[in-house]
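Here, residue 1 is the first one in the sequence, and each next residue gets the next number.
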Amino acid sequence: MLGALLCARADDVYAQLADQVPEVLEEVGVTEHLDAKLPLDLEFRDEDGNWVELGSFFDGERPVILTLNYYRCPMLCGLMLNGVVDGLEGMDWTPGEEFEIVTVSIDPLETPELARAKKQNYLKRLDRPAAASGWHFMTGRELEIKRLAETVGFSFTYDPATKEYAHAAVIFVCTPDGRVARYLYGIEYPPKRLKLALLESSEGKVGSTLDQLILYCYHYDPTNRRYTPVAMNIMRVGGGATVLVLGIFIGGYWLRDWRRKNRDDAKETAA
């Protein structure tokens with residue numbers, strides 16, 4: 001009886017909390033559009049004020065991380081971009097070399113000057129000169145911003161009361177030809193998860209043999225939204241490595257024995 005009352009009470013509390021969700025947040029969320037093709041013909045302004053096509057950042061070889069933020073965001077965007085930098089610091093890959101990053105402001109009123117200042121801040125923190133050519137901070141017009149956001153399923157809204165944008169914390173990892181491959185949620189992007197997503201999105205076009213083996217041992221779990229080890233594949237890799245080591249050992253032993261016998265035969269012939 002008491003359990004039933006508690007359950008009923010919990011339902012009431014949940015209903016009340018649901019009713020208390022601010023109206024502005026009802027329009028905020030993420031609807032995953034995996035494999036959606038980005039509108040690469042969209043034009044945005046780079047940090048120098050030049051109009052460039054989104055497609056210019058996709059070279060068909062390297063994956064691209066796309067983030068939708070705005071530069072005057074007082075809280076969440078800073079946490080997200082700090083999380084990206086933290087993840088990059090733990091990786092041996094650098095933007096501009098193995099992949100690209102494109103950050104697009106969702107505020108059409110923001111300017112290239114503001115974008116340039118933000119870029120300088122984050123590049124200074126990352127402290128990798130090569131990243132200057134690989135991390136792009138863009139601004140654009142409302143129509144293009146909305147079209148890009150709708151393509152990746154990113155719903156956001158402007159709250160006139162706070163004069164801020166309400167949006168989710170998510171970044172998008174895209175394939176080299178401009179398709180959405182993976183959504184990474186939250187404000188922390190651990191280096192291993194970030195690299196696995198990039199490696200997977202590159203479709204084998206970047207990364208060493210060791211990187212490919214690591215990816216083989218991890219699969220993305222859509223339920224938990226993270227990469228998890230695949231026991232069977234790890235066992236296969238371990239078994240293959242064991243056979244390889246044994247082969248090298250036995251082969252080396254056989255080769256030394258063969259050479260020794262040849263030397264002995266040569267001595268007997270000479271005698």
Side-chain angles (χ1 to χ4, degrees), residues 25 28-30 32 44-47 57 62-140 145 148-149 152-159 162-174 180-201 220 224-227:
L25 294 182
V28 175
V30 177
E32 293 196 0
F44 296 96
R45 297 174 74 182
D46 65 14
E47 311 90 350
F57 304 116
R62 298 175 300 170
V64 176
I65 295 175
L66 171 67
T67 82
L68 298 178
N69 304 101
Y70 68 108
Y71 306 128
R72 288 179 292 198
C73 179
M75 178 68 75
L76 185 56
C77 296
L79 294 175
M80 288 177 59
L81 295 176
N82 287 341
V84 171
V85 172
D86 290 342
L88 296 176
E89 287 177 334
M91 288 175 57
D92 55 352
W93 289 5
T94 299
E97 295 180 348
E98 291 84 3
F99 63 99
E100 298 279 313
I101 305 179
V102 178
T103 293
V104 177
S105 171
I106 59 176
D107 183 351
L109 300 180
E110 293 194 326
T111 63
E113 291 76 16
L114 189 55
R116 185 165 57 250
K118 282 293 177 183
K119 177 172 181 172
Q120 291 171 350
N121 286 343
Y122 287 106
L123 289 181
K124 182 178 180 181
R125 179 175 171 183
L126 182 58
D127 194 24
R128 294 191 193 179
S133 64
W135 194 346
H136 315 277
F137 285 69
M138 315 299 289
T139 53
I145 293 170
L148 178 59
V152 299
F154 182 79
S155 300
F156 64 96
T157 188
Y158 181 72
D159 183 3
T162 61
K163 298 181 179 179
E164 298 175 8
Y165 283 89
H167 60 90
V170 58
I171 64 175
F172 316 90
V173 185
C174 304
V180 182
R182 191 63 64 209
Y183 292 72
L184 301 181
Y185 295 89
I187 58 173
E188 294 181 347
Y189 312 100
K192 185 173 76 174
R193 190 185 308 173
L194 202 56
K195 187 171 182 178
L196 285 171
L198 285 167
L199 190 59
E200 182 185 40
S201 302
Y220 186 77
N224 296 317
R225 292 177 172 173
R226 64 181 55 207
Y227 288 88

Residues which pass salt bridge (charged side-chain N to carboxylate O under 4.0 Å, His left out) with D92, listed by chain and number, not counting sequence neighbours: K195

Testing the basics here: between [X] and [Y], what is the closest heavy-atom pair and its distance to 0.1 Å?
X    : Y    : answer
P63  : E98  : CD-O, 3.5 Å
C174 : S201 : O-CB, 3.8 Å
G140 : I145 : O-CD1, 3.5 Å
S133 : E100 : O-OE1, 3.8 Å

Using side-chain contact (heavy atoms from CB on, under 4.5 Å), reason through K163 and Y158 one step at a time and then give a plain yes or no. CA-CA 7 Å; K163 298 181 179 179; Y158 181 72; 3.3 Å; yes

Looking at [Y], is its backbone amide N or carbonyl O close enough to the side chain of [X] to form a donor-acceptor pair, meaning the two atoms are under 3.5 Å apart?
X    : Y    : result
R182 : L194 : no
R193 : L184 : no
R45  : T111 : no

Determine the interplanar angle of the F137 and Y71 rings, folded into 0 to 90°, and report it as parallel if under 30°, tilted if 30 to 60°, perpendicular if over 60°. tilted

Just say parallel, tilted or perpendicular for the rings of F172 and Y183, cut-offs at 30° and 60°. perpendicular

Under the side-chain hydrogen bond (donor to acceptor under 3.5 Å, both in side chains) rule, collect the residues that match up with E47, sequence neighbours excluded. K119

Looking at D86 and R125, does any basic side-chain N land under 4.0 Å from a carboxylate oxygen? yes

Contacts of type side chain to side chain contact (heavy atoms under 4.5 Å, CB included), residue S155, not counting sequence neighbours: none

Short side-chain donor-acceptor distance under 3.5 Å, T139 and S105: no

